[in-house]
**Student:** 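Quick one: the structure is below, and I'll ask about it shortly.
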Protein chains: 2
Amino acid sequence: MVRAADRAERPARTSVWLEGKARRSGAARGGQPSSLDRDRITEVTVRLLDAEGLAGFSMRRLAAELNVTAMSVYWYVDTKDDLLELALDAVFGELGLPDQDQDPDPKSESAGDWRDQLRTLASGYRDLLVRHPWVSPLVGTFLNIGPNSVAFSRTVQRVIRRTGLPTHGLSGAIAAVFQFVYGFGTIEGHSIQRSAAAGVTPDEYFQQAMSALKGAPGLDDVLQDSEEMMQARGGRTVEEMYERDFHFALDLVISGIEAMVLREGQ
Amino acid sequence: MVRAADRAERPARTSVWLEGKARRSGAARGGQPSSLDRDRITEVTVRLLDAEGLAGFSMRRLAAELNVTAMSVYWYVDTKDDLLELALDAVFGELGLPDQDQDPDPKSESAGDWRDQLRTLASGYRDLLVRHPWVSPLVGTFLNIGPNSVAFSRTVQRVIRRTGLPTHGLSGAIAAVFQFVYGFGTIEGHSIQRSAAAGVTPDEYFQQAMSALKGAPGLDDVLQDSEEMMQARGGRTVEEMYERDFHFALDLVISGIEAMVLREGQ
DNA sequence: ACCTGAACACCGTTCAAGT
DNA sequence: ACCTGAACACCGTTCAAGT
């Protein structure tokens with residue numbers, strides 16, 4: 001935590017993206033390119049985070065992976081948080097957003113249905129959170145002003161404007177969709193991570209958890225309710241259940257947007 | 001992270017709540033009560049987490065606060081994670097849920113409107129996440145089967161059943177509401193925490209961030225869009241903006257539930 | 001039954017020094 | 001310009017020992 005003394009000494013860190021200016025980027029001199037640069041460091045960081053999780057990642061572990069001493073990385077990056085911010089924005093680049101200047105007229109028919117576009121963006125974000133479970137805590141921690149996160153926000157805003165919602169409802173609607181996806185993807189990612197850490201499939205883990213809970217006092221009726229809901233959902237695997245819930249909830253939110261458009265329309 | 005070797009040695013930790021049985025609880029012998037017990041340890045843990053944040057909390061720091069050596073706590077708790085699970089469930093007890101056996105008939109008029117009940121639960125959960133920003137990462141990490149979290153889930157299920165949704169849509173609707181609240185409260189809590197760490201009010205922090213971003217290339221138009229949306233929202237403080245967005249989004253999701261009820265009704 | 005002290009294997013980061 | 005080594009002030013947890 002930040003204590004008063006720390007605060008007096010230096011301004012609180014805001015973001016890597018608000019740094020002095022372009023950082024040394026390898027291959028500076030005439031010789032062969034240096035083995036290290038921000039891109040390579042970021043790339044290996046993402047790989048390690050995927051493999052070991054946020055808690056398992058350390059500067060020393062990273063340095064070892066780069067065949068370099070622990071402190072070398074600090075030449076390219078001021079703090080571990082800077083590095084995590086870089087990794088975070090890097091994976092936002094995986095999202096594959098639609099070309100942004102194409103179709104400048106939001107009302108044209110060829111612009112495509114906002115519902116489909118919203119579904120694509122939401123699914124992409126969900127997949128990102130599930131593929132990289134360390135993304136979720138970082139999204140909560142940092143300012144998210146890297147180029148790729150900004151491109152994502154920009155795209156989200158553009159699509160939400162197409163709904164026909166009044167301006168005062170835009171940010172609320174964005175929250176309803178993407179904070180839902182954030183929460184959903186976070187929990188789904190953690191659950192997959194947990195079963196992987198236990199060395200079993202999600203389905204096996206689910207069965208184990210269920211039978212472990214069977215014995216616990218006061219939980220039996222909750223379990224019964226859950227099983228009832230699971231039966232009704234009809235999914236045969238855990239993954240299928242997540243899939244059905246996600247799409248039902250997304251349809252629900254989209255219907256909510258349509259209702260708000262009608263309500264505030266006239 | 002868990003490596004293969006660790007896995008072979010012992011079964012993966014699941015939850016404090018699935019432990020052998022009741023733990024030593026102070027005042028065991030005839031003399032004056034021991035200074036330590038799980039309740040007191042949990043209480044101090046919550047206080048420290050509130051004050052220092054999840055990153056600032058440590059077993060050694062906790063022991064110091066309890067005027068005890070670092071290892072004493074391990075008599076009452078197996079791991080730090082156990083302790084965090086206890087703290088997590090403890091704050092879920094702050095939610096003040098409606099009495100659960102009252103009004104057993106879900107169709108009776110006096111049961112109250114599910115919309116109001118949903119709003120109460122959602123607001124309570126949001127406040128919890130904002131008041132204790134360390135709750136959010138823990139909700140994502142653990143199984144959430146402590147008595148108070150279970151009571152919360154149970155209440156949520158009961159209210160959602162009153163909407164009239166078909167059974168196969170219940171879990172999706174729960175996700176649409178409470179994963180949204182989870183995401184929203186997480187981000188809101190972090191933003192308040194960030195400004196507090198920087199020693200300024202949320203409004204001051206917001207101004208600072210805005211002017212810092214003014215210089216950054218490629219962000220100007222995003223800023224302009226954001227300012228436009230803020231104008232339209234009409235909130236005068238950051239807190240007011242969060243408030244408006246939250247309630248707009250919640251209304252939106254509730255409208256979505258109503259739409260799904262109608263759609264699947266006949 | 002409860003608590004301690006020393007130790008192990010880690011952290012992020014600073015700082016002076018090397019090439 | 002880039003990298004190293006030693007050091008500082010921390011971690012969670014184990015283990016043998018005390019009372």
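Numbered from 1 within each chain, the chains take letters A, B, ... in sequence-line order. Scope of the values below: all heavy atoms of this structure, side chains included, with no hydrogens, waters or symmetry mates.
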**Student:** Suppose we screen for side chain to side chain contact (heavy atoms under 4.5 Å, CB included). Which residues come up paired with Asp225(A), at least two apart in sequence or across chains?
**Tutor:**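 Asp225(A): side chain to side chain contact (heavy atoms under 4.5 Å, CB included) contacts with Glu228(A), Gln157(B), Arg161(B).
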**Student:** Which whole-number value in Å describes the distance from Asp81(A) CG to dC11(C) P?
**Tutor:**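 Taking CG of Asp81(A) and P of dC11(C), I get 16 Å after rounding.
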**Student:** Could you list all N or O pairs between the protein and nucleotides 17-19 of chain C that sit under 3.5 Å apart?
**Tutor:**
none

**Student:** Starting at atom CG of Leu54(A), determine the distance to atom P of dC11(C), rounded to an integer number of angstrom.
**Tutor:**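 For the pair Leu54(A) CG and dC11(C) P, the rounded distance is 13 Å.
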**Student:** Considering residues at least two apart in sequence or located in another chain, which fulfil the salt bridge (Lys or Arg N to Asp or Glu O under 4.0 Å) criterion with Arg40(A)?
**Tutor:**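 Not a single residue meets the salt bridge (Lys or Arg N to Asp or Glu O under 4.0 Å) criterion with Arg40(A).
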**Student:** Send over the distance from Met59(A) CE to dG12(C) P, rounded to a whole Å.
**Tutor:**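 That distance rounds to 7 Å.
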**Student:** Run the side-chain hydrogen bond (donor to acceptor under 3.5 Å, both in side chains) test against Ser149(B) and tell me which residues pass, sequence neighbours left out.
**Tutor:**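 Applying side-chain hydrogen bond (donor to acceptor under 3.5 Å, both in side chains) to Ser149(B) gives Asp89(B).
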**Student:** Please list, chain by chain and in numerical order, all residues satisfying side-chain hydrogen bond (donor to acceptor under 3.5 Å, both in side chains) with Glu240(A), sequence neighbours excluded.
**Tutor:**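 Listed in chain order: Arg244(A).
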**Student:** Using a 3.5 Å limit on both pairing distances, list the dot-bracket string of DNA chain C from the 5' end; Watson-Crick and G-U wobble pairs count, crossing pairs take [ ], interstrand pairs take |.
**Tutor:** ||.|||||...|||||.||
**Student:** What pairs with Tyr242(B) under side-chain hydrogen bond (donor to acceptor under 3.5 Å, both in side chains), at least two apart in sequence or on another chain?
**Tutor:**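 Counting only residues at least two positions away or on another chain, Tyr242(B) forms a side-chain hydrogen bond (donor to acceptor under 3.5 Å, both in side chains) with Ser191(B).
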**Student:** Restricting to ring pair (Phe, Tyr, Trp, His ring centres under 6.0 Å), what partner residues turn up for His132(B), sequence neighbours left out?
**Tutor:**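 Partners of His132(B) under the ring pair (Phe, Tyr, Trp, His ring centres under 6.0 Å) test: Trp134(B).
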**Student:** Considering only side-chain heavy atoms of Tyr74(B), which listed nucleotide, dC3(C), dG12(D), dG12(C), is closest?
**Tutor:**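 Nearest to the side chain of Tyr74(B) among the choices is dG12(D).
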**Student:** Who are the side-chain hydrogen bond (donor to acceptor under 3.5 Å, both in side chains) partners of Arg194(A), not counting sequence neighbours?
**Tutor:**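 Partners of Arg194(A) by the side-chain hydrogen bond (donor to acceptor under 3.5 Å, both in side chains) criterion come out as none, since no residue qualifies.
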**Student:** Going by the rule side chain to side chain contact (heavy atoms under 4.5 Å, CB included), which residues pair with Leu62(A) if we only count those two or more places apart in sequence or in a different chain?
**Tutor:**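 Expected list: Ile41(A), Val44(A), Thr45(A), Leu48(A), Phe57(A), Leu66(A), Val73(A), Leu83(A).
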**Student:** Between Ile41(A) (CD1) and dC2(D) (C1'), how many Å, whole number?
**Tutor:**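 Rounding to the nearest Å, CD1 of Ile41(A) and C1' of dC2(D) are 12 Å apart.
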**Student:** Quickly work out the Tyr76(B) OH to dA1(C) P distance and round it to whole Å.
**Tutor:**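 Rounding to the nearest Å, OH of Tyr76(B) and P of dA1(C) are 12 Å apart.
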**Student:** Indicate yes or no for a side-chain donor-acceptor contact from Asp203(B) to the backbone of Thr237(B) under 3.5 Å, with no hydrogens or angles considered.
**Tutor:**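 A pair under 3.5 Å: no.
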**Student:** Expressed as a whole number of angstroms, how long is the span from Arg61(A):CZ to dG12(C):C1'?
**Tutor:**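 Roughly 17 Å, once rounded to whole Å.
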**Student:** Counting heavy atoms from C-beta on, name the nucleotide in dC3(D), dG12(D), dC3(C) closest to the side chain of Trp75(A).
**Tutor:**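 Per side-chain heavy atoms of Trp75(A), the pick is dC3(D).
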**Student:** Between C1' on dC3(C) and CG on Asp37(B), what's the gap in Å once rounded to a whole number?
**Tutor:**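 The distance from CG of Asp37(B) to C1' of dC3(C) comes to 15 Å, rounded to the nearest Å.
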**Student:** Could you run down the sub-3.5 Å N/O contacts of the protein with nucleotides 4-8 of chain C?
**Tutor:**
| residue | atom | partner | partner atom | Å |
| --- | --- | --- | --- | --- |
| dT4(C) | OP2 | Thr69(B) | N | 2.9 |
| dT4(C) | OP2 | Ser72(B) | OG | 2.3 |

**Student:** What residues form a ring pair (Phe, Tyr, Trp, His ring centres under 6.0 Å) with Phe178(B), not counting sequence neighbours?
**Tutor:**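 Checked Phe178(B) against ring pair (Phe, Tyr, Trp, His ring centres under 6.0 Å); matches are Phe152(B).
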**Student:** Nearest whole Å is fine: how far is dC2(C) P from Leu36(B) CG?
**Tutor:**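 Going from Leu36(B) (CG) to dC2(C) (P), I get 10 Å.
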**Student:** Can you tell whether the side chains of Glu43(A) and Arg47(A) come within less than 4.0 Å, N to carboxylate O?
**Tutor:**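 Between Arg47(A) and Glu43(A) there is no salt bridge, as every charged N stays at least 4.0 Å from the carboxylate O atoms.
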